[in-house]
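Just below is one structure, and these are the notes that go with it.
FYI, side chains are in, hydrogens and waters are out, and symmetry mates aren't considered; it's all heavy atoms of this structure. Every chain is numbered from 1 and lettered A, B, ... according to where its sequence line falls, protein lines coming before strand lines. Keep in mind it's a predicted model, so treat the numbers as computed, not measured.
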Amino acid sequence: MGNGVTAMLAYEFMQRAFLAGALIGLIAPILGIYLMLRRQILLADTLSHVSLAGVAAGALTGMNPSVGGFAAAVVAALLIERLRKGYRTYAEVPVAIMMTGGLALAVVLMNFGRTLSQSFNSYLFGSIVAVSETQLWLIGGATVVGLLFFFVFRRPMYDLTFDEEAAGISGVRVRTLTTAFSVLTGMTVAAAMPIVGVLLVSALLVLPAALALRIAGGFLSAVVIAIVVGLTGIFSGLTVSYFYNMPPGGTIALILLAFLLLGIGLQKASVFIRRKRGVTEPSI
Amino acid sequence: MILSSMENVVFGYGESPVVNGVSLDIHKGEFLGITGPNGTAKTTVLKILLGLLKPWSGEVRLNQEAFDGEKPVIGYVPQNASAFNSGFPSRVIELVRSGCHSRLGLFGRFGSEQERLVRDSLEQVGMWELRRRRIGELSGGQKQRVCIARALVQCPNVLILDEPTTGMDVRSRTALYRLMKHQVRHHGVTVVMVTHGLEEAGRYLDRVITLERLETESVETSANIGKTAADDRWEMG
């Protein structure tokens, strides 16, 4: 096994995949925590679908498809923020509109370039070999920008996530921050596409965050747990998919799902055992 | 001294106004109650005062002189503050500490002064003992008290509370009114509180504004009722 792993890491495409996975594994779970707490998890799926249209448009116009996907996700994020103004009561409506529009556009554009269909599989389901140098730079850029954003704006983002209205009154620039957050979501989603694919990109955001939010005591510990779970899931998923010739996106998503179920099971067992032993929280 | 005023304000969410020609003044250093039956747009009036909603017509003014030219610090406890996401990953103390964010800015150091403020605020609302508890494990009334502590820790000039006693028992409600009265008397804070419980809160309030639904289905202020001063003993249970 040891030799196998060494051999696996000797391949340049695997080195790129692991590097891309490490970068995405750092930023996607953090983003996922904020998306879940802000009840915006559908945003990730929507932006990945729109990004697919960008990939197709890029390929058809002779532009780098990855750059096209990246640009489309960022523009869509900005548009959703703008549309949110008009649908204050039904905040999910602009997200659904963009998802439908993005997917429809992708399907139509794919039809124009029939030769694209083959390479689309790697975008839809992810592929280890799909991680090109350009994509690696895009992933690196998105991760550095994201980590800086969440470090610098950790305080206003906490306030915004807890209560947007109260945050605005206490001086947080809500509109600017939510727009920047949406753009960052677009960048991260587009960057994660080559690894897990359009259809499973939200797995990287949702599953580590869902587990972390269940078991963490504080905000920082939730972030750390989500990153550890995300990185472990990505690395083990890439390894398994290499050795057993499985699609990386599905493998990573299934491993993360198993972590989540295991975590929930252990948590429930721990509560059960504590109750059995008569350990209760101090009452007031 | 008038701190903020609203003149002939008209506002609505659809085609017809829900607030029609409302005028009111808030005086510096008073404990003001806003009351009225359900559907009289009390929360809407608060949100207009806070600048969260823009009126169709009329004026909302903030008297900068009342703040000595400095930017006012407003502590806000929204209606159903306790209905926040129970899965929010924070302990009580972490959430209350976040009330200091606006003063600390992006990189200000959280020092002993802030720690003292956090402790004071939590003790004032009787939640210091539960500071290590996850907020999702608290009862509705306890959550409400944590939100009030988070507002207090900002050392606000103005505290705006929208039905803050939701989910609280009688003892906690009385303690809250006393605490607010103390903030007004000893710290010069202006407190504006939307409340249905005038029979309980009335003796602590300096003034009450009653909003009433008129035949036109819009809302106007009906009266300013002067109140007697309450005693300022206070303690949180």
Side-chain angles (χ1 to χ4, degrees), chain A residues 29-30 32-41 85 88-89 148-175 177 208-226 267 271 280-284, chain B residues 13 43 46-47 49-53 71-81 83-95 97-108 110 126-127 129-130 132-139 141-142 147 150-151 153-154 156 158 160 162 237:
Chain A
I30 305 178
I33 283 185
Y34 286 101
L35 283 169
M36 278 191 77
L37 291 173
R38 287 171 54 78
R39 300 176 199 279
Q40 280 188 309
I41 209 69
K85 264 187 183 176
R88 276 180 189 276
T89 322
L148 272 175
F149 176 85
F150 286 121
F151 175 70
V152 173
F153 297 106
R154 64 196 184 283
R155 285 175 177 167
M157 277 306 293
Y158 180 99
D159 296 342
L160 186 79
T161 308
F162 180 71
D163 185 341
E164 196 167 306
E165 222 166 50
I169 290 165
S170 69
V172 173
R173 291 171 187 267
V174 172
R175 182 146 290 281
L177 210 57
L211 178 56
L213 290 177
R214 271 194 88 96
I215 60 178
F219 205 90
L220 184 62
S221 60
V223 168
V224 172
I225 291 170
Q267 192 200 26
V271 171
T280 53
E281 293 289 330
S283 60
I284 55 164
Chain B
Y13 294 101
T43 298
L46 271 196
K47 286 187 175 178
L49 269 171
L50 285 163
L52 291 171
L53 298 172
K71 200 179 166 209
V73 179
I74 299 171
Y76 175 52
V77 180
Q79 194 176 27
N80 295 323
F84 56 68
N85 183 356
S86 288
F88 197 83
S90 278
R91 300 197 184 273
V92 168
I93 195 158
E94 185 181 8
L95 186 63
R97 276 180 183 151
S98 72
C100 299
H101 286 172
S102 54
R103 278 188 187 272
L104 291 172
L106 294 178
F107 298 109
F110 193 92
M127 289 297 290
E129 298 300 317
L130 299 180
R132 300 272 170 227
R133 201 171 269 199
R134 276 180 66 132
I135 54 173
E137 295 166 1
L138 302 176
S139 71
Q142 288 170 335
C147 288
R150 188 172 183 251
V153 89
Q154 300 175 37
V158 185
I160 296 190
D162 193 354

**Item:** chain B interface, residue from A:Asp159, A:Leu213, A:Val172, A:Thr161 that has the most non-hydrogen pairs under 4.5 Å
**Value:** A:Asp159

**Request:** Considering only heavy atoms and a distance below 4.5 Å, find which of A:Ala216, A:Gly171, A:Ala222, A:Ala166 pairs most often with chain B.
**Result:** A:Ala216

For [X], is it the side chain, the backbone, both, or neither that has a heavy atom closer than 4.5 Å to a heavy atom of chain B?
| X | value |
| --- | --- |
| A:Ile225 | neither |
| A:Ser221 | neither |
| A:Arg154 | side chain |
| A:Leu220 | backbone |

**Message:** Any heavy-atom pair between the side chains of A:Val223 and B:Pro89 that's under 4.5 Å?
**Reply:** no

What part of [X] gets closer than 4.5 Å to chain A, counting heavy atoms only: side chain, backbone, both or neither?
| X | result |
| --- | --- |
| B:Phe107 | both |
| B:Leu104 | both |
| B:Arg150 | side chain |
| B:Arg91 | both |
| B:Leu52 | side chain |

**Request:** Report the distance from atom CZ of A:Phe151 to atom CG of B:Leu106, rounding to the nearest 0.5 Å.
**Result:**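 Those atoms lie 10.0 Å apart.
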
**Asked** Counting N and O atoms only, with roles assigned by atom type, does the side chain of A:Glu165 sit under 3.5 Å from a partner on the main chain of B:Pro78, one being a donor and the other an acceptor?
**Response** no

**Prompt:** What residue, out of B:Arg134, B:Lys47, B:His101, has the most heavy-atom pairs lying under 4.5 Å from chain A?
**Reply:**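 Between B:Arg134, B:Lys47, B:His101, the count favours B:His101.
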
**Request:** Begin with the C-alpha distance, continue with both residues' side-chain angles, and end with the deciding distance and a verdict on side chain to side chain contact (heavy atoms under 4.5 Å, CB included) for A:Phe162 and B:Ser90.
**Result:** CA-CA 10 Å; A:Phe162 180 71; B:Ser90 278; over 6 Å; no

**Asked** Which atoms form the tightest heavy-atom contact between B:Gly105 and A:Arg155, and what is the distance?
**Response** O-NH1, 3.0 Å

